[in-house]
**Student:** 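Here it is, the structure in full.
Predicted model only: the values in this text are computed from it and were never measured. Whatever order the structure lists ligands and atoms in, that order sets their numbers, starting from 1.
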Amino acid sequence: MTKSSNAMWGGRFAAGPDAIMEAINASIGFDQRLASQDIAGSRAHAAMLAACGIISDTDAEAIGEGLLTVLSEIEAGDFPFSTALEDIHMNVEARLKEVIGAPAGRLHTGRSRNDQVAVDFRLWVRDQCDAADGALLKLIQALIAQAEAGADYVMPGFTHLQVAQPVTWGHHMLAYVEMFARDRSRFADARARMNTSPLGAAALAGTSFPIDRQMTAEALGFDRPMANSLDAVSDRDFALEFLSSASICAMHMSRLAEELVIWSSAQFRFVKMSDQWSTGSSIMPQKRNPDAAELIRAKIGRIFGANVALMTVMKGLPLTYSKDMQEDKEQVFDAADNLMLALAAMAGMVSDMVPQVDNLRAAAATGFSTATDLADWLVRELGLPFRDAHHVTGSLVALAESKDCDLPDLSLDEMKSAHDGITSDVFTVLGVDNSVASRTSFGGTAPDQVRARIADWKDVLG
Ligand code: ARG
């Protein structure tokens, strides 16, 4: 016996789909997450149809009320989602028919699932941009609090993961504030660009009904209707912009997570992670593992993967809608869920971590980290060209290395052996505090600069 055809579009079909066809075709397993957006879109559409005289006020009212009933059923968690009804759009409409009867059949006037899914998904992604913004703000505030508490803690700055020059803890924290602030602005840009309404594009060509697209756009908080119906149903740039912003943000978190993994290791001991953000080992009782940081470090994999997956789905699709585009949602859902989780975990870890001031300071003095300060002193005090100063300093580093000591441990005579103009004054620039305090150029690591930038951020963030 063949299954009966689909109740929504089965008019021309004698038989229903094969079970496997149904399985590959259905999106209700995941697009049920769009329920509230779908219902908001339908309510706006129905109200507009009535305002334009396309359906009666009575029908529109019944539809509007009925949709709220359906929404409350879905929110209560006992809605019988049906795979035979494919997706959230048809599940909602079919249930509306059961709830209010005949008027439900008028809701789909002048629209299509193509503009419906485009509007639902846009609304969902728009919310995620707002959620990312809020979560980033919390992370930024946690970093600023760390920066403020440790504006003058001295730590090594690295290049090539080799100690390069002393920097301040506050400066390092603020570097991430800069990154995450750019992430916020990327989400804001994406949000602003996506905030146009596809509703009313109908299947692809627009509609012959005298609809008011401005009205539905406004009702859904969009700036304006999209100007080309073909583009409106086939555009997924908004999802891709979200994913690419999320990818960059996750990449930033991954870098910070990597630093936390390194810093919390027994070899570095730069930070102590709180118990809340550490895990133990089932076999090694001494272990204290930075699992949250490691997982955040890994999240970029799936988030960037989602970005690549959707780019690949979209490339080469002819205009307009193709069913390929149904593959957009799971990628974005997964990326968004994991981005939010990672942002929240990162904010928690950052606010709880305790910089180990003495270890940071001791490490800052290793690796001849003030060699540049010595070279700069030779330029400033003795008038040497920088290249010559670099050379003289290099020979002193080699001397210290051969004696297995640091630059400040060399005697004045040893210093003079490299250049006889050197005086005991040179030792004042070889300490790590002097080194960081001297980096007062705008954006430099000096504690005063750090405090000034913190004040700037506080102004901006209010
Ligand atoms: N479930 C579909 C999707 O997610 C909705 C649009 C279906 N449109 C169509 N012409 N079959 O893309």
**Student:** Do Asn6 side-chain atoms and Ala84 backbone N/O form a donor-acceptor pair below 3.5 Å?
**Tutor:**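 Checking the backbone N and O of Ala84 against the side chain of Asn6, a donor-acceptor pair under 3.5 Å is found.
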**Student:** Return yes or no for this condition: an N or O of His89 is under 3.5 Å from an N or O of ligand 1.
**Tutor:**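 It does not: no N or O of His89 is found under 3.5 Å from an N or O of ligand 1.
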**Student:** In plain terms, say whether Glu241 and Arg186 are close enough for a salt bridge, that is, a side-chain N and a carboxylate O under 4.0 Å apart.
**Tutor:**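 Judged by the 4.0 Å cut-off on N to carboxylate O distance, Glu241 and Arg186 do not form a salt bridge.
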**Student:** Distance under 4.0 Å to a non-hydrogen atom of Ser27: what atoms of ligand 1 satisfy this?
**Tutor:**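 That gives atoms 1 (N) of ligand 1.
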**Student:** Any heavy atom of Lys329 closer to ligand 1 than 4.0 angstrom?
**Tutor:**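 Lys329 counts as a contact of ligand 1 under the 4.0 Å cut-off.
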**Student:** Do Arg33 and Phe333 meet the cation-pi criteria used here (NZ or CZ under 6.0 Å from the six-membered ring centre, within 45° of the axis)?
**Tutor:**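 Judged by the rule (NZ or CZ under 6.0 Å from the ring centre, within 45° of its axis), Arg33 counts as positioned above Phe333.
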**Student:** Under 4.0 Å between a side-chain nitrogen and a carboxylate oxygen: does that hold for Arg236 and Asp328?
**Tutor:**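 The answer is yes: the pair qualifies as a salt bridge.
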**Student:** Is a donor from one side chain sitting under 3.5 angstrom from an acceptor on the other, for Gln116 and Asp38?
**Tutor:**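 Per modelled atom types, Gln116 and Asp38 side chains form a pair under 3.5 Å.
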**Student:** Looking at atom 9 (C) of ligand 1, what's its closest protein heavy atom, distance included?
**Tutor:**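 For atom 9 (C) of ligand 1, the nearest protein heavy atom comes out as Asn114 OD1, 3.4 Å.
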**Student:** Give the atom numbers and elements of ligand 1 that come within less than 4.0 Å of a heavy atom of Asp87.
**Tutor:**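 The atoms of ligand 1 under 4.0 Å from a heavy atom of Asp87 are 1 (N), 2 (C), 5 (C).
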**Student:** Considering heavy atoms of the protein only, find what lies nearest to atom 11 (N) of ligand 1 and give residue, atom and distance to 0.1 Å.
**Tutor:**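 Protein heavy atom at minimum distance: Arg113 NH2, 3.5 Å.
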**Student:** May I ask you to identify the nearest protein heavy atom to atom 3 (C) of ligand 1, giving residue, atom name and distance to one decimal place in Å?
**Tutor:**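 Going by distance alone, atom 3 (C) of ligand 1 is nearest to Tyr321 OH, 3.2 Å.
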**Student:** Between the side chains of Glu86 and Lys323, is the shortest nitrogen-to-carboxylate-oxygen separation below 4.0 Å, so that they form an ion pair?
**Tutor:**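 Judged by the 4.0 Å cut-off on N to carboxylate O distance, Lys323 and Glu86 do form a salt bridge.
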**Student:** Identify, for atom 2 (C) of ligand 1, the protein heavy atom at the shortest distance, and state residue, atom and that distance.
**Tutor:**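 That would be Gln326 OE1, 3.2 Å.
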